[in-house]
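Any value given below was found using the heavy atoms of this structure, including those in side chains, with hydrogens, waters and symmetry copies removed. Just follow the structure's listing: the first ligand is 1, and inside any ligand the first atom is 1.
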Amino acid sequence: MEVLKQVTHVFKFVIIMFLSVGLEKRIDAALFRQLIFNSPFPLIGSAIGSVLVAISLIGSNQNYLVMIWLCLVFATIAIRVWFVHRCQTQIESSGFDPQATYRYAMTIGLSGLAWGVGGFMIKDASPIGMVVTITAIQAMVMGAVLMLGAFIPAFLAFSLPAIFPMIFVLAFSGNMAELVLAIYSSIFLVLMIGIAKRFNQSQRNTWQLTFEKEDLLKSLTDAHDHLALLATSDGLTSLANRRRFDEVLEIEFARLHRSRAPLSLIMLDIDHFKSLNDTYGHVIGDQCLKKVAEVFQRYINRSPELAARYGGEEFAAILPETDYDGAIILAEKIRADVAGMNIPHRASSTASYLTVSMGVATIDCSQTKSPVDAVAIADRLLYKAKSEGRNRIASLNGIEACSERDAVISLIWKDAYACGEPTIDKEHRELFRLANILLENRIKSNVDQSQFDIALDALLTHLTKHFAHEESVLFSLGYEGASAHAERHKSLLESALKLRQQSIETGEGGLGELVEFIFSKVIVHHLLEMDREFFGIFTDSEVATSSNH
Ligand code: GH3
Ligand code: MG
Ligand code: MG
């Protein structure tokens, strides 16, 4: 047992000698992988060869010995199959293990020993048995050059024990011809070792070239990535540089122009930075820039947000899909954190510590001309913050400004529209209100269709009721044009309901026409013009009433 351990150690040492570090180790790993994944071929060769040898030896030897030998060879094949499978699984799960190469060579050695035992059997073999056995052993060694040459220890572990017993038996048989065969087999072995070494070397060279090419490609890619990073980042703060800022803003502006989601921009400028440099020196100034950049980056780090050094002591942030409230909260946190660092600045007229001012703009890209304009808005706000005392934020919600502007396109009730009859005026007012809701829903692109339909139907229902009520008032007061007015109501309602029906049937297409009809025909033409015709009866009745008093 002890001897076996010693042999194992020596064997291990020899193999580890073959496994050098670095590139050599990678080559060893590649060759071993190749060996393991090619192993079915030598195993099949060993099985077929041993069966042929057994057949040729049967009869001339003691048959049970031949069968025992055959079983021995197959037992080693089984061990090798099991071990190869284990190595394959291991390589796939945890990569190359140098220890496995040594165990693999041991299993190959067992196979070599089994073939070596076959060499002893040529002693009593028939001429045919002898020729087949010698040829088979030599063929196995030759095959090993190709199949095991990738890993010389494995090749030696197989060929030496496989061929030596045969050479020994031939050399000491006392027969001249067999001695010649022994010499020939020895020369053959030396030749095979030489070829195996050359084959091994050429395979190593091929892998070396492959790995060197891979490494070169990787270092080129790394260098390229590094250069790309240098070209787009700021050396002092590691934030994105101005160039990157412009690129990203261009892309995000175009994207948000289509989606109509908000874009917030923050422009930050360190307060009284020149005097900080003058008082504490540029090295401290640089350190302050880095600290402010760290705070900026800490809050602006989610993709596709971008924190950049815009230039000098100015920083800029792109916050796509961030609304006004979100941007303000973020900017306030940055402002408070910078102030909270309590970096001394005795030359500042704002505070005794370092402070920053910010311009925060939330814009609707579809309403803004260009990215440059968007930056200009944030920049103007920054200077507003400066002029208002520094260490503060000036902001603008461009999105809200848009909706305010949209709201201007609405009907405004004026006293001059009142006819004097309180219920009719109330209904007219309500009609204005419902028409404004409809208009608002029509303008806003993000309102869903069902909301618009609800607003439209509410207006039409109110209109129907109002017309009926107005007619009853006109008839009850004996207004002479009541019938004609009722006729107009009827025709307007019929047209409106017809258009509504069409819009339901044809989809969106008819809605524009219907909205236009309500505004131009119902509200402007009828309500503001035709209804004026009966205004007089209320004024008259009012006059009449007041004169009665
Ligand atoms: P304000 O509050 O109005 O912004 O005043 P300010 O002094 O901060 O602004 P001004 O534009 O007058 O000065 C900016 C200074 O920033 C001038 C320049 O020396 C300094 N600066 C620009 N880049 C760097 C840099 O990389 N390192 C250092 N240390 N200083 C820089
Ligand atoms: Mg500045
Ligand atoms: Mg400044």
Side-chain angles (χ1 to χ4, degrees), residues 226-249 264-301 305-319 327-328 330-363 370-396:
H226 186 61
L227 280 176
L229 192 72
L230 282 182
T232 55
S233 68
D234 171 58
L236 180 72
T237 60
S238 302
L239 293 183
N241 62 12
R242 170 73 187 273
R243 189 171 143 188
R244 179 93 187 112
F245 175 86
D246 290 344
E247 274 171 15
V248 172
L249 184 61
S264 292
L265 292 178
I266 300 179
M267 296 297 287
L268 177 152
D269 187 286
I270 302 180
D271 299 329
H272 307 296
F273 196 60
K274 191 173 176 315
S275 58
L276 185 130
N277 272 327
D278 296 344
T279 315
Y280 300 92
H282 273 77
V283 176
I284 299 289
D286 283 357
Q287 284 172 6
C288 292
L289 279 173
K290 280 190 193 175
K291 283 183 184 161
V292 172
E294 273 167 30
V295 173
F296 206 53
Q297 178 84 88
R298 197 185 312 143
Y299 289 105
I300 301 149
N301 52 24
E305 295 172 356
L306 186 87
R309 186 174 176 197
Y310 196 70
E313 25 74 90
E314 279 182 37
F315 298 91
I318 301 171
L319 305 167
I328 290 289
L330 214 59
E332 185 48 47
K333 280 182 182 165
I334 293 167
R335 192 206 59 77
D337 273 19
V338 171
M341 285 194 291
N342 229 342
I343 299 168
H345 190 351
R346 62 173 179 267
S348 165
S349 57
T350 305
S352 56
Y353 47 84
L354 189 84
T355 58
V356 292
S357 300
M358 275 175 267
V360 181
T362 301
I363 57 152
S370 67
V372 178
D373 280 13
V375 173
I377 296 172
D379 213 34
R380 275 203 300 276
L381 291 164
L382 169 62
Y383 284 95
K384 187 167 177 261
K386 290 272 180 192
S387 61
E388 284 171 357
R390 296 180 172 81
N391 188 23
R392 69 193 60 221
I393 296 159
S395 59
L396 172 91

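Glu388 pairs with exactly one of Arg392, Lys384, Arg390 by the salt bridge (charged side-chain N to carboxylate O under 4.0 Å, His left out) rule, that one being Lys384.
For Arg243, the CZ atom is loosely surrounded, since the number of other residues' heavy atoms within 6.0 Å does not exceed 12. Crowding of Lys291 atom NZ: a count of heavy atoms from other residues, nucleotides or ligands under 6.0 Å not exceeding 12.
A donor-acceptor pair under 3.5 Å is formed between the side chain of His345 and the backbone N or O of His272.
Contact annotation: the side chain of Leu306 never approaches that of Ile300 to less than 4.5 Å [non-hydrogen atoms, C-beta and beyond]. Between Ser357 and Leu268 the shortest side-chain heavy-atom distance does not fall below 4.5 Å. Contact check for Asp271 versus Lys386: side-chain heavy atoms found under the 4.5 Å cut-off. Here the side chains of Leu276 and Cys288 are in contact, with some heavy-atom distance below 4.5 Å.
A distance limit of 4.0 angstrom between heavy atoms and ligand 1 selects the residues Asp269, Ile270, Asp271, His272, Phe273, Lys274, Asn277, His282, Gly285, Asp286, Leu289, Arg309, Gly312, Glu313, Lys386, Arg390.
Around the Mg ion (ligand 2), protein N, O or S atoms at less than 2.8 Å comprise Asp269 OD2, Glu313 OE2.
Geometrically, Arg346 engages Tyr280 in a cation-pi contact defined by less than 6.0 Å to the ring centre and at most 45° from the axis.
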